[in-house]
Protein chains: 2
Amino acid sequence: MAGRRKVSNPLALAVMGLLQEKPMHPYEMSATLRERQMDGVFKLSTGTLYDTVESLARNGWIEPRSTVRDGNRPQRTVYAHTEHGHGQFLDWLDEIVRVPAPEYPRFLSAVTYLGALGPERAEEALTERGDRLQEQITRMRAGLEEVMETHALPRLFMIEMEYALHMSAAELEWARSAAREIRTGTLAWPAQAPVAGGEDGS
Amino acid sequence: MAGRRKVSNPLALAVMGLLQEKPMHPYEMSATLRERQMDGVFKLSTGTLYDTVESLARNGWIEPRSTVRDGNRPQRTVYAHTEHGHGQFLDWLDEIVRVPAPEYPRFLSAVTYLGALGPERAEEALTERGDRLQEQITRMRAGLEEVMETHALPRLFMIEMEYALHMSAAELEWARSAAREIRTGTLAWPAQAPVAGGEDGS
DNA sequence: CGCGTTATAGTCGGAGCCGACTAATCGGAT
DNA sequence: ATCCGATTAGTCGGCTCCGACTATAACGCG
């Protein structure tokens, strides 16, 4: 097993993915990602993008192809992936898929201290989350269908949407069920511990 | 609605949670979190912990209570939450639960470029993920039952485990189903695009 | 009673990340 | 002709995060 990966920011994955299509300069990457609404998948901020590109270049995954000057605009450096970079891209992809990495979603941390909210507030909050998730899912589903129809894309091209929808649905299910259990009392609120802690007195 | 939150690292939530129980010094927090296996929920590293505590103090959520010197060991600063901090803690908790925030799980980014792996490699990788997830779920379930039985805790105290299990199960389901769809051909691999984006060979 | 080992407690510098800012150009309205 | 705002393209400083390192005290052992 290797000592931690040189390149680790997921945005680098997006950059590599784009460069498989054709050489680009950073600004074009940014614009393309936004156009394709991939900024819901990769957290995109301009500063980070330029840093990421630089880091990829340092590590030999990509290299400056040309420095074009269009009219009198500031010159843009166009990058292309290297052969080495292409291999790394596939290996990294492969590893991310194969090995589930620990992630730390905010909601999980909040659930850990759900007790602190007390039953009423917790139930309310979970219900609201449920409603918001429902809306979100509806929007995603509509967006997905629209894209599929207008562009007649094969399913594989939107597969990440299917995954996102599946996971959102699972979360919705859990939130609703937890809210219901609080209402009906199936999920009891132990009196002596408003904050999770379970200290034994011994 | 407020301009972005001052304190934003989830580890701060853990710190606040612990301080609801009793005043502590950072090292004790770290030890306690590890003992309770909460380091699976909050990403814990010593450096970050000290930074986080300092930031909480700067923002008035907590304050140094005493500077104890035990024997001749380096003196430890014990912190307690302030009233303001307690309120912020609850509000933050409440907001995290109510409002689903966009998260960027690594697997989602990888799925976006699943096409690049080609059908065989993708199918294999998804299958392996499935197996690993299955193991992980078994381990979590066993751990959960053990804790519940030996400590006789109310369900609420391990509710985050139930959530984690639910989500892992959903992911497992998806991975298995996607792998199956690739095998059976239900999820087709468009020939002209090994990488999402439609590279033409011309 | 010296001596390596583990537990205790924390520091520090560098890398990563982000948002706010800069600056030039182009297209249309005035 | 010119002014305004949007688009194009990128820089920069500060804050956050992290892991590697330091240093002392208690503990067991031959």
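A note on names: the letters A, B, ... follow the listed sequences, proteins ahead of strands, and every chain is numbered from 1. For the numbers below, each heavy atom of this structure counts, side chains included, while hydrogens, waters and symmetry mates do not.
Without hydrogens or angle criteria, A:Q20 side chain to A:M16 main chain gives a donor-acceptor distance under 3.5 Å.
Distance from the side chain of A:K43 is smallest for C:dC18 among the nucleotides C:dC18, D:dA9, D:dC18. With D:dC17, C:dT8, D:dA9 as the choices, the nucleotide that has an atom nearest any side-chain atom of A:Y27 turns out to be D:dA9. For B:N9, taking side-chain heavy atoms from C-beta onward, the closest of the listed nucleotides C:dC18, D:dC17, D:dG19 is D:dC17. Residue A:R76 has its side chain nearest to D:dG10 when only D:dG10, C:dC18, D:dC17 are considered. Of the candidate nucleotides D:dA9, C:dG16, C:dG10, C:dG10 has the atom lying nearest to any side-chain atom of B:H25.
Residue B:D51 places a side-chain atom within donor-acceptor reach of the base of D:dC18, judged by atom type and a 3.5 Å distance cut-off alone.
Residue A:S45 has no polar side-chain atom (N or O) positioned under 4.0 Å from OP1 or OP2 of C:dC17. Phosphate contact (OP1/OP2 of C:dA15, side-chain N/O of A:R58, threshold under 4.0 Å): absent. At C:dG10, one or more side-chain N or O atoms of B:Y50 fall inside 4.0 Å of OP1 or OP2 (strictly under the cut-off).
When each of B:G47 and B:S55 is assigned the nucleotide of DNA chain D with its nearest heavy atom, B:S55 is the one assigned upstream, toward the 5' end. Heavy-atom distances to DNA chain D give each of A:A31 and A:T46 a nearest nucleotide, and the one nearer the 5′ end belongs to A:A31.
For the pair A:R34 CZ and D:dT8 C1', the interatomic distance rounds to 12 Å; values are reported in whole Å. Taking atom CG of A:L11 as the reference point, atom P of C:dG16 lies 13 Å away to the nearest angstrom. As rounded to whole Å, 15 Å separates atom P of D:dT16 from atom CG of B:L49. We find that NZ of A:K6 is positioned 17 Å from P of D:dC18, with the value rounded to whole Å. To the nearest angstrom, P of D:dC15 lies 12 Å from CG of B:N59. With rounding to whole Å, B:R5 atom CZ is found 15 Å from D:dT16 atom P. Atom CG of A:L56 and atom P of C:dG16 are 11 Å apart (whole Å). Rounded to whole Å, the distance from CD on B:E35 to C1' on C:dA7 is 13 Å.
Between A:F89 and A:H86, the ring planes lie tilted relative to each other; the angle falls in the 30° to 60° range. The aromatic rings of B:W92 and B:W61 lie perpendicular to each other, with more than 60° between the two planes, well past the 30° mark.
For CZ of B:R141, the number of neighbouring non-hydrogen atoms (other residues, nucleotides, ligands) closer than 6.0 Å is 12 at most.
A:E21 has a carboxylate O that lies under 4.0 Å from a charged side-chain N of A:R36, or vice versa, which qualifies the two as a salt bridge.
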